[in-house]
Novice: 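Below you'll find the structure I mean.
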Amino acid sequence: MATQGAEVLVASNRGPVSYTVGPDGELSSRRGGGGLVSGLSAIGPDTDAVWVCAALGDGDREAVRRADGGLLPAEDTGGQRVRMLDIDAEVYADAYNGIANSALWFVHHMMYQTPLEPVFDAEFRRQWDAYRAYNQAFAQALAEEAAPGAAVLIQDYHLALAPRMLRKLRPDLRIGHFSHTPWAPPDYFRLLPDDIAAELLTGILGADRAAFLTRRWADAFTDCCHAVLGPGIPSGTEIGVHGLGADAEFLRERAHRADVDERMAVLREQIGEGRRSIVRVDRTELSKNIVRGLLAYRRLLEDHPEWRERVVHVAFAYPSRQDLALYRSYMDEVRRVAEEINSEYGTEGWTPVLLHLDDDFARSLAAYRLADVALVNPIRDGMNLVAKEVPVVSDEGVALVLSREAGAYEELSEYAITVNPYDVVGTAEALHEALTLPDAARAERSKHLSDAATALPPTKWFLDQLNALRG
């Protein structure tokens with residue numbers, strides 16, 4: 001057992017910093033953002049904390065090789081202590097792409113085309129061994145870095161086995177697991193082989209506390225425990241709910257910098273004077289439902305021709321998991337449908353769909369500020385922070401068209417226009433309703449959405465989990 005070490009530890013696949021190697025062999029670092037980065041900063045510099053993460057590329061692996069005992073230089077990490085794990089590249093690929101993103105993510109988002117998939121064969125079992133090894137590497141590193149009785153917050157479906165593994169190594173620790181995705185209901189979760197399903201559940205139940213973004217996902221987890229393992233939660237694990245909100249202070253400051261103003265001017269020119277805008281900003285993940293959103297917009301133009309030349313769909317679909325063929329083909333389909341709409345309805349002075357596939361955060365914020373309508377229609381989503389971010393930075397107020405399958409629905413439904421994400425005709429009518437809202441009503445709804453969206457900012461979200469785990 002460790003005799004000294006960190007009082008608070010966070011474990012996640014992706015860490016707060018990434019590295020690239022230049023032509024001259026020099027390493028350059030880039031700090032990331034997100035709720036965990038903001039949240040961990042809330043504990044203050046006096047708390048001894050360590051973030052354990054995986055090396056994701058050649059630059060990260062080179063940084064680990066040069067690091068002192070695996071801990072990255074403080075000047076690269078904003079002062080945080082970060083231990084990056086150089087897991088064997090093949091083991092990492094099998095664990096991350098083979099299991100986490102091609103099996104567990106699909107189960108929790110209920111995305112399989114079941115006549116053909118999944119097929120849990122010998123190759124899946126081989127990859128599952130890699131997933132175990134990946135989780136064991138994290139458990140070992142956390143055990144080495146943790147002070148006696150430390151609090152450990154393990155993140156997401158990539159590390160579902162780590163709580164039980166760490167418990168065996170360090171029974172003195174207070175261990176929490178947080179799921180950032182939905183959790184599948186029992187009937188769907190049990191697509192997994194029985195022994196794998198049980199191993200996943202007992203892995204998380206190795207934690208003192210298992211937490212989720214919404215009550216719906218928490219209840220689904222306990223239902224799976226009862227269905228697979230039997231009545232009750234045998235470990236005594238406490239189940240918690242912590243809905244991650246938008247970081248209002250950061251968003252509002254960042255949204256009014258010069259680069260955002262420049263992109264707003266370009267977008268306004270592209271949209272055209274006097275036209276309304278329907279904005280969506282997503283990673284091109286299969287769950288985000290971008291294609292049906294485009295089909296709903298086309299239906300809007302068909303059923304309500306009065307909107308032709310009066311509205312533009314600003315669609316930002318940023319690359320995600322392009323190393324997987326299914327994601328590349330999905331992005332191709334997004335592009336194809338957008339081009340089809342522009343070809344069918346576009347005129348010399350009006351482009352119905354403005355589609356951007358290259359990631360640009362400043363441009364996203366510019367779109368947030370000028371949006372008349374925000375379309376957030378995922379098939380299934382753990383939370384979806386875009387639904388919360390747009391009202392926070394909107395200049396004139398925004399109408400939110402929101403899927404009932406987004407975790408954010410639990411908090412925002414009262415002031416959003418709700419849709420069934422599979423219903424293209426219904427979504428088209430919701431877009432029409434949103435576009436025809438009087439300005440005062442839209443502004444009032446937007447204010448309430450913003451208030452609800454910022455009720456649990458990342459710092460409070462993180463500290464609430466930490467305090468609940470310790471207390």
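On a predicted model such as this, the values are computed, not experimentally measured, just so you know.
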Novice: Do you know the tightest heavy-atom contact between A54 and D60?
Specialist: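 So the minimum-distance heavy-atom pair works out to O-OD2, 4.3 Å.
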
Novice: Is C53 close to V82 at the side-chain level, that is, under 4.5 Å between some pair of heavy atoms?
Specialist: yes

Novice: When you check the gap from the basic side-chain N to the acidic O, do R280 and D282 get nearer than 4.0 Å?
Specialist: yes

Novice: Check whether any side-chain N or O of R308 sits under 3.5 Å from a backbone N or O of L301 as a donor-acceptor pair, and report yes or no.
Specialist: yes

Novice: To the closest 0.5 Å, what do you measure between NE2 (H226) and SG (C224)?
Specialist: 10.5 Å

Novice: Determine yes or no for a side-chain-to-main-chain donor-acceptor pair under 3.5 angstrom, with R275 supplying the side chain and V312 the backbone.
Specialist: no

Novice: Once rounded to the nearest 0.5 Å, what's the spacing between atom CG of N101 and atom CG of L326?
Specialist: 12.0 Å

Novice: I'd like to know whether CG of D187 has more than 12 heavy-atom contacts from other residues, nucleotides or ligands below 6.0 angstrom.
Specialist: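 Counting other residues, nucleotides and ligands, CG of D187 stays at 12 neighbours or fewer.
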
Novice: Show, in sequence, the C-alpha distance, side-chain angles and deciding distance for L200 and L192, and conclude whether the side-chain contact (heavy atoms from CB on, under 4.5 Å) test is met.
Specialist: CA-CA 10 Å; L200 278 167; L192 291 165; 3.6 Å; yes

Novice: Centre-to-centre under 6.0 Å for Y134 and Y96, is that the case here?
Specialist: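 So the answer is no for these two rings.
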
Novice: Distance-only, no hydrogens or angles: does the H108 side chain make a donor-acceptor pair with backbone N or O of A184 under 3.5 Å?
Specialist: yes

Novice: Taking the basic N atoms (NZ, or NE/NH1/NH2) and the acidic carboxylate oxygens, is any pair closer than 4.0 Å for R369 and E396?
Specialist: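 Between E396 and R369 there is no salt bridge, as every charged N stays at least 4.0 Å from the carboxylate O atoms.
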
Novice: Any idea which heavy atoms bring C225 and L205 closest together, and the distance?
Specialist: SG-CD1, 4.0 Å

Novice: Apply side-chain contact (heavy atoms from CB on, under 4.5 Å) to V8 and D48, showing your working.
Specialist: CA-CA 7 Å; V8 176; D48 194 358; over 6 Å; no

Novice: Can any side-chain N or O of D156 pair as donor or acceptor with the backbone N or O of H180 at less than 3.5 Å?
Specialist: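 Yes, D156 side chain to H180 backbone: donor-acceptor pair under 3.5 Å.
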
Novice: Quick check on E249: does its CD atom have over 12 non-hydrogen neighbours (other residues, nucleotides or ligands) under 6.0 Å away?
Specialist: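 Result for CD/E249: open.
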
Novice: side-chain contact (heavy atoms from CB on, under 4.5 Å) between I271 and R268: does it pass, once the steps are laid out?
Specialist: CA-CA 5 Å; I271 292 167; R268 281 202 174 101; 5.8 Å; no

Novice: Judged by atom type as modelled, is there a donor-acceptor pair below 3.5 Å linking the side chain of S394 to the main-chain atoms of V390?
Specialist: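 No: the side chain of S394 does not pair with the backbone of V390.
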
Novice: State whether the number of non-hydrogen atoms from other residues, nucleotides or ligands found under 6.0 Å of R14 atom CZ is greater than 12.
Specialist: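 Incorrect, the count does not exceed 12.
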
Novice: Would you call K447 and D451 a salt bridge, taking side-chain N to carboxylate O under 4.0 Å as the test?
Specialist: yes

Novice: Centre-to-centre under 6.0 Å for W461 and H242, is that the case here?
Specialist: no

Novice: Give a yes or no on whether a salt bridge exists between K388 and E411, defined as a side-chain N under 4.0 angstrom from a carboxylate O.
Specialist: yes

Novice: Under the criterion side chain to side chain donor-acceptor pair (under 3.5 Å), I'd like the reasoning laid out for Y368 against D395: C-alpha separation, chi angles, the key distance, then a yes or no.
Specialist: CA-CA 8 Å; Y368 286 0; D395 282 358; over 6 Å; no

Novice: Taking the basic N atoms (NZ, or NE/NH1/NH2) and the acidic carboxylate oxygens, is any pair closer than 4.0 Å for R336 and E333?
Specialist: yes

Novice: Do the side chain of S446 and the main chain of R442 share a donor and acceptor less than 3.5 angstrom apart?
Specialist: no

Novice: Going from CG on L385 to CG on L244, what distance comes out if it is rounded to the nearest 0.5 angstrom?
Specialist: 5.0 Å

Novice: Should the pair K288-D381 be classified as a salt bridge under the 4.0 Å nitrogen-to-oxygen rule?
Specialist: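 Counted as a salt bridge, because a side-chain N and a carboxylate O are separated by less than 4.0 Å.
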
Novice: With rounding to the nearest 0.5 angstrom, report the NE2 to CG distance, H177 to D208.
Specialist: 13.5 Å

Novice: Quick check, are the ring centers of W350 and Y345 under 6.0 angstrom apart?
Specialist: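 They do not qualify: ring centres at least 6.0 Å apart.
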
Novice: Hey, mind stepping through D259 and R254 against salt bridge (Lys or Arg N to Asp or Glu O under 4.0 Å) and telling me if it holds?
Specialist: CA-CA 9 Å; D259 60 340; R254 182 66 184 86; 2.7 Å; yes

Novice: Determine, stepwise, if the pair V353 / Y297 fulfils side-chain contact (heavy atoms from CB on, under 4.5 Å).
Specialist: CA-CA 9 Å; V353 180; Y297 177 65; 3.7 Å; yes

Novice: Let me confirm one number: the CG-CE distance from L72 to M84, rounded to the nearest 0.5 Å.
Specialist: 5.0 Å

Novice: Specify whether W307 and H432 have parallel, tilted or perpendicular ring planes, treating 30° as the upper limit for parallel and 60° as the lower limit for perpendicular.
Specialist: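 Judged by the thresholds at 30° and 60°, the geometry between W307 and H432 is perpendicular.
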
Novice: Have N420 and D423 got a donor and an acceptor in their side chains that come within less than 3.5 Å?
Specialist: no

Novice: Assess the residue pair Y409 and T214 against the criterion (side chain to side chain donor-acceptor pair (under 3.5 Å)); give the C-alpha distance rounded to whole Å, side-chain angles, the decisive distance to 0.1 Å, and a yes or no.
Specialist: CA-CA 10 Å; Y409 172 79; T214 73; over 6 Å; no

Novice: Within the distance-only criterion (no hydrogens, no angle test), does the side chain of H304 pair as donor or acceptor with the backbone N or O of L300 below 3.5 angstrom?
Specialist: no

Novice: List the atom of A430, the atom of V419, and the distance in Å for their closest heavy-atom pair.
Specialist: CB-CG1, 3.4 Å

Novice: Report yes or no: do Y318 and S364 form a side-chain donor-acceptor pair below 3.5 Å?
Specialist: yes

Novice: Are the side chain of T436 and the backbone N or O of E433 linked by a donor-acceptor pair below 3.5 Å?
Specialist: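 Yes, T436 side chain to E433 backbone: donor-acceptor pair under 3.5 Å.
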
Novice: Salt bridge or not for E405 and R216, using N-O below 4.0 Å?
Specialist: yes

Novice: Side chains of E414 and H448: any donor to acceptor distance under 3.5 Å?
Specialist: no

Novice: Parallel, tilted or perpendicular: which describes the rings of F250 and F361, with under 30° parallel and over 60° perpendicular?
Specialist: parallel

Novice: Could you report the tightest heavy-atom contact between P182 and W217, atom names first, then the distance?
Specialist: CA-CD2, 3.5 Å

Novice: State, with a plain yes or no, whether a side-chain heavy atom of H313 is found less than 4.5 Å away from one of L355.
Specialist: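 Of all side-chain heavy-atom pairs linking L355 with H313, none is under 4.5 Å.
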
Novice: Below 4.0 angstrom, N of the basic side chain to O of the carboxylate: do E145 and R81 qualify?
Specialist: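 Answer for the salt bridge query: yes.
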
Novice: Run the numbers on R299 and E429 for salt bridge (Lys or Arg N to Asp or Glu O under 4.0 Å), then give the verdict.
Specialist: CA-CA 9 Å; R299 174 52 52 185; E429 285 306 307; over 6 Å; no

Novice: Taking the six-membered ring of F316 as reference, does the cationic atom of R363 (NZ for Lys, CZ for Arg) lie under 6.0 Å from its centre and within 45° of its axis?
Specialist: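 Ring-cation test returns yes.
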
Novice: Tell me whether D219 is salt-bridged to R215, with the criterion being a basic N under 4.0 Å from an acidic carboxylate O.
Specialist: yes

Novice: Kindly give the heavy-atom pair with the smallest separation between N384 and A408, and that separation in Å.
Specialist: O-CB, 3.9 Å

Novice: Is there a donor-acceptor contact under 3.5 Å from the side chain of S287 to the main chain of P378?
Specialist: no

Novice: How many angstroms lie between CZ in R252 and CG in L365, if you round to the nearest 0.5 Å?
Specialist: 12.5 Å

Novice: Quick one: does T418's side chain have a donor or acceptor within less than 3.5 Å of a partner on V401's backbone?
Specialist: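 No: the side chain of T418 does not pair with the backbone of V401.
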
Novice: Run S12 and W51 through side chain to side chain donor-acceptor pair (under 3.5 Å) and show every step you take.
Specialist: CA-CA 8 Å; S12 63; W51 191 321; 2.9 Å; yes

Novice: Taking atom types as modelled, find out whether N97 and Y92 have a side-chain donor-acceptor pair closer than 3.5 angstrom.
Specialist: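 Looking only at side-chain atoms, Y92 and N97 do not form any donor-acceptor pair under 3.5 Å.
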
Novice: Evaluate N289 against Y422 for side chain to side chain donor-acceptor pair (under 3.5 Å), listing each step before the verdict.
Specialist: CA-CA 9 Å; N289 209 22; Y422 298 95; over 6 Å; no

